[in-house]
Amino acid sequence: MKNLTYILGFLLVFTITLSCEDFIDNPPEDQISVNEFFKTANDIENYVKKYYATFPSHGSANLPISEDNSDNLILRTPNQVLNGTRAPSNGQWIGQWEDIRSINILFDNLDNVTDEFSSYQQFLGEAHFFRAWFYFNLLTTYGDLPIYDTQLFPDDEKLLDPRSPRTDVADFILADLDKSIEYLGLRATTGNARLNKEAALAFKLRVALFEGTWQKYHEGDVFGTPGANPSNYFQQAVSAGEELINGNYTKGIYNTGNPDTDYYSLFGMDNMSNIDEVLFYRIASTAEQMGHELQFYTTRRTRDMSLTWSLVSSYLGKDGNAYDYFGLAATTKGNDFLTTIANDVDPRLSATIWIPGDLRVASANQLFNKPFVDGGVEESAVTGFQLKKFSNPNSPAAGADFGGRSETGYILFRYGEVLLNYAEAKYELDGTIATAQLNLLRERVGMPIFTVIPQVNYGANLVDYGYAIDDALYAIRNERRVELALEGQRIDDYKRWAAHALFKGKRPLGYPFLQSEFPNYNTGVDNNGLIDFFQSELPNGYGFRENQDYLSSIPQDELILNPNLTQNPGW
């Protein structure tokens with residue numbers, strides 16, 4: 001309750017902080033001035049609280065549905081980014097910079113604070129984290145950016161600054177995170193619904209790995225930065241990971257000794273405050289009218305989400321070896337195919353897609369019968385692989401009507417991701433396989449220890465990155481895809497790996513269709529009998545523009561307002 005009160009507390013001070021920003025540009029005579037506002041630790045806390053509301057929430061299943069931008073999930077219409085059909089951005093990007101300008105107001109006025117530093121150190125650490133968060137979102141969207149560390153006014157010359165190289169932006173973000181790590185309290189003190197050292201270390205690891213791999217795999221193309229040193233970022237990632245892994249921090253893998261259910265249970269919890277793996281999460285509260293629709297869309301409807309053959313066929317067999325999905329599909333189809341793979345492969349698969357006979361809604365004893373392949377609007381799962389991850393049949397919101405009734409926590413940082421980020425960064429840095437860390441993930445689900453499988457063993461299920469990688473890195477990336485499926489990481493992964501070959505010129509496929517299960521429904525299938533829903537819409541597969549679509553366009557009005565800005569490649 002203490003953490004919930006903190007996160008929702010920004011509502012109580014929202015008017016104060018908004019009026020504070022309003023008078024900065026044109027202070028009314030009857031309002032307190034900015035120089036008088038930033039005086040106490042309480043002022044700093046109240047000002048920073050509001051930024052917690054900017055963290056993403058589940059909303060209408062916003063987390064899983066975001067992976068429509070990747071090769072993991074589709075809706076009923078092809079994704080514009082993957083298909084290379086999005087138009088240039090118009091207008092301005094003022095809204096995307098508001099939070100950075102706002103947080104800089106605080107940094108500009110710290111000299112006015114009269115309280116002891118120790119009394120507001122936590123809040124200052126939060127401020128550094130938030131600025132890093134806002135800048136990282138812009139970095140992954142636009143690449144090179146102007147760097148602003150102070151509040152700007154309409155007539156400031158710095159508003160006409162050019163874009164700094166993305167490596168400078170990444171360094172700026174990492175410097176903010178170093179301050180955040182220094183100032184924030186431990187999770188044991190703050191809880192995990194408030195920013196803490198563990199979350200800041202996890203974020204630093206994520207940022208450093210992102211930029212290191214971006215620079216390595218985009219070297220020589222239009223998105224790389226001349227003179228960049230990927231190893232510098234890999235080293236920072238490894239150092240942050242080793243600090244968190246080896247240090248006296250609250251962390252761990254959620255493992256109660258139930259390999260068939262632990263991974264699944266983790267993502268459907270409402271209260272995650274006592275889960276060591278969850279380093280930082282966003283609370284939802286129906287009592288405060290801050291619930292969401294996640295359980296509605298995972299236990300009752302689908303919001304048209306369905307998973308791809310590419311994702312499903314990434315799961316290894318329970319013996320730790322590559323599984324022959326195509327061989328099975330030749331003889332076993334529909335529900336029988338789903339039931340067979342659930343019995344044969346990594347339990348993380350049956351925690352991610354619904355399997356016939358699964359309990360969907362405990363209160364009504366409602367079982368999953370078959371995927372909603374032929375469902376209507378917001379009720380379809382056209383590939384036959386229907387989203388189960390994040391659901392909780394025992395949730396009060398399971399099966400409930402639309403209306404914001406779900407309180408499932410939104411995990412922003414978890415230790416499982418830390419281990420995967422560390423393993424990838426460590427291998428990229430010096431070729432060491434972090435077996436001990438990867439085995440913690442395997443042990444949770446009762447899988448054999450992590451071993452490197454020769455890529456030839458994957459057969460027809462081998463994915464193509466567009467360039468050669470060795471067997472160990474392939475195995476590490478595959479483990480990452482399976483463990484982090486639908487958690488919002490896959491989009492950044494294919495971009496930083498320069499891996500458009502994963503989907504360009506290809507169509508997302510579904511399971512082997514069995515007509516007798518859907519006698520009144522017709523769908524396209526490929527030569528292997530797999531559902532090929534976009535067969536007509538994408539006759540040549542996705543049309544991703546590799547010299548353009550890795551970054552978004554700078555809004556056209558901004559290029560006019562600031563002639564020193566340059567447009568991103570291809571736009």
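Relative ring orientation between Y550 and Y494 is described as tilted, the plane-to-plane angle lying within the 30° to 60° band. Aromatic ring pairs are classed by plane angle as parallel below 30°, tilted from 30° to 60° and perpendicular above 60°; the pair F129 and W133 is parallel. Under the 30°/60° scheme for interplanar angles, the aromatic rings of H58 and H292 are found to be tilted.
There is no side-chain donor-acceptor pair under 3.5 Å between D115 and T40. Donor-acceptor pairing under 3.5 Å is recorded for the side chains of T408 and Q295. Residues E67 and N72 bring a donor and an acceptor atom of their side chains to less than 3.5 Å of each other. Side-chain contact, E126 with Y51: no donor N or O sits under 3.5 Å from an acceptor N or O. Side-chain contact of E198 with Y415: a donor-acceptor pair under 3.5 Å is absent, judged by distance alone. Checking S406 against E293 by side-chain atom types alone, no donor-acceptor pair falls below 3.5 Å. Using a 3.5 Å distance cut-off with no hydrogens or angles, the side chains of E428 and Y217 do pair a donor with an acceptor. With 3.5 Å as the limit, one finds a donor-acceptor pair spanning the side chains of S553 and S89. A donor-acceptor pair shorter than 3.5 Å cannot be found between the side chains of N562 and R163. A donor-acceptor contact closer than 3.5 angstrom is absent between the side chains of Y47 and N109. Neither side chain, Y264 nor K388, offers a donor N or O lying under 3.5 Å from an acceptor on the other. Checking E417 against N421 by side-chain atom types alone, a donor-acceptor pair falls below 3.5 Å. A donor atom on one side chain and an acceptor atom on the other are not found under 3.5 Å apart for Q215 and E219. Q235 and S231 share no side-chain donor-acceptor pair at under 3.5 Å.
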* Before giving the answer on side chain to side chain contact (heavy atoms under 4.5 Å, CB included), spell out for N192 and T250 the whole-Å C-alpha distance, their side-chain angles and the decisive distance to 0.1 Å. => CA-CA 10 Å; N192 63 348; T250 303; over 6 Å; no
(request) Under the side chain to side chain contact (heavy atoms under 4.5 Å, CB included) rule, what do L419 and I253 come out as? Steps first, then yes or no, please. (result) CA-CA 10 Å; L419 299 179; I253 292 298; 3.8 Å; yes
message = Is there a salt bridge (Lys or Arg N to Asp or Glu O under 4.0 Å) between D492 and K495? Walk through the geometry before answering.
response = CA-CA 5 Å; D492 283 349; K495 289 182 177 181; 5.6 Å; no
Margin query: Set out, in order, the CA-CA distance, both residues' side-chain angles and the distance that settles side chain to side chain contact (heavy atoms under 4.5 Å, CB included) for F413 and V278, then state yes or no.
Written below: CA-CA 6 Å; F413 293 96; V278 180; over 6 Å; no
Candidate pair R303 and N62, rule side chain to side chain contact (heavy atoms under 4.5 Å, CB included), full reasoning
CA-CA 10 Å; R303 208 183 167 194; N62 294 333; 3.8 Å; yes
For T140 and R496, what are the C-alpha separation, side-chain angles and deciding distance, and is it a side-chain hydrogen bond (donor to acceptor under 3.5 Å, both in side chains)?
CA-CA 9 Å; T140 58; R496 65 189 177 87; over 6 Å; no
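The 12-atom threshold is not exceeded at CG of N248, counting heavy atoms of other residues, nucleotides or ligands nearer than 6.0 Å. Applying the 6.0 Å contact sphere to CG of N246 captures more than 12 heavy atoms from other residues, nucleotides or ligands.
Taking the centre of each ring, W97 and Y148 come in below the 6.0 Å mark. For F203 and F136, the ring centers sit closer than 6.0 Å to each other. Proximity of the aromatic rings of Y183 and Y120 is defined here by a centroid distance below 6.0 angstrom, and this criterion is not met. You'll find the ring centres of W93 and Y142 inside the 6.0 Å limit. For Y281 and Y410, the ring centers sit 6.0 Å or farther from each other.
With Y233 contributing its side chain and T167 its backbone, the two residues share a donor-acceptor pair below 3.5 Å. At least one donor-acceptor pair under 3.5 Å links the side chain of S265 to the backbone N or O of T261. Within the 3.5 Å criterion, the main-chain N or O of Y263 finds no donor-acceptor partner in the side chain of R444. Of the possible polar contacts, none joining the T299 side chain to the P393 backbone as a donor-acceptor pair under 3.5 Å is found. Formation of a donor-acceptor pair under 3.5 Å by the D262 side chain with backbone atoms of N258 is found in this model. In this structure, R86 contributes its side chain and D549 its backbone to a donor-acceptor pair below 3.5 Å. Put simply, the side chain of K197 gets close to the backbone of I181: a donor and an acceptor are under 3.5 Å apart. In this structure a side-chain-to-backbone donor-acceptor pair under 3.5 Å is missing from N46 to D43. A donor-acceptor pair under 3.5 Å is absent between the side-chain atoms of N196 and the main chain of G185, judged by distance alone. R282 places a side-chain N or O within donor-acceptor distance of the main-chain N or O of F55, the cut-off being under 3.5 Å.
Counting heavy atoms from C-beta outward, K389 and L387 have side chains that approach closer than 4.5 Å. In this structure, L145 and R166 have side chains that are not in contact, with every pair of non-hydrogen atoms separated by 4.5 Å or more. Side-chain contact between F223 and W214 is present, with heavy atoms from C-beta onward closer than 4.5 Å. Residues T54 and F134 have side chains in contact (heavy-atom distance under 4.5 Å, counting atoms from C-beta outward). Looking at I147 and V169, their side chains come closer than 4.5 Å, going by heavy atoms from C-beta outward. Considering only heavy atoms from C-beta on, L124 stays 4.5 Å or farther from Q121 through its side chain. Side-chain contact between L486 and T352 is present, with at least one heavy-atom pair separated by less than 4.5 Å. Counting heavy atoms from C-beta outward, Y135 and F130 have side chains that stay 4.5 Å or more apart.
Salt bridge E243/K204: absent, no basic N to carboxylate O contact under 4.0 Å. Comment: E487 engages R414 in a salt bridge, judged by a side-chain N to carboxylate O separation of less than 4.0 angstrom. The pair E483-R348 counts as a salt bridge, with a side-chain nitrogen and a carboxylate oxygen less than 4.0 angstrom apart.
Here CG of L195 is found 6.5 Å from OG of S180. Values are rounded to the nearest 0.5 Å. Distance check: L438 CG to E479 CD gives 6.0 Å after rounding to the nearest 0.5 Å. Taking CZ from R194 and CD1 from I283, the interatomic distance works out to 12.0 Å, rounded to the nearest 0.5 Å. Rounding to the nearest 0.5 Å gives a distance of 7.5 Å between CD1 of I554 and OG1 of T566. For the atom pair CG (D68) and CG (N79), the distance works out to 4.5 Å, reported to the nearest 0.5 Å. Summarising the geometry, atom CZ belonging to F38 is positioned 8.5 Å from atom CG belonging to L110; distances are rounded to the nearest 0.5 Å.
Pairs of residues two or more places apart, or lying in two chains, that qualify as salt bridge (Lys or Arg N to Asp or Glu O under 4.0 Å) and include a residue from residues 129-154 are R131-D176.
Residues P396 and D270 share a closest heavy-atom pair of CD-OD2, 4.3 Å.
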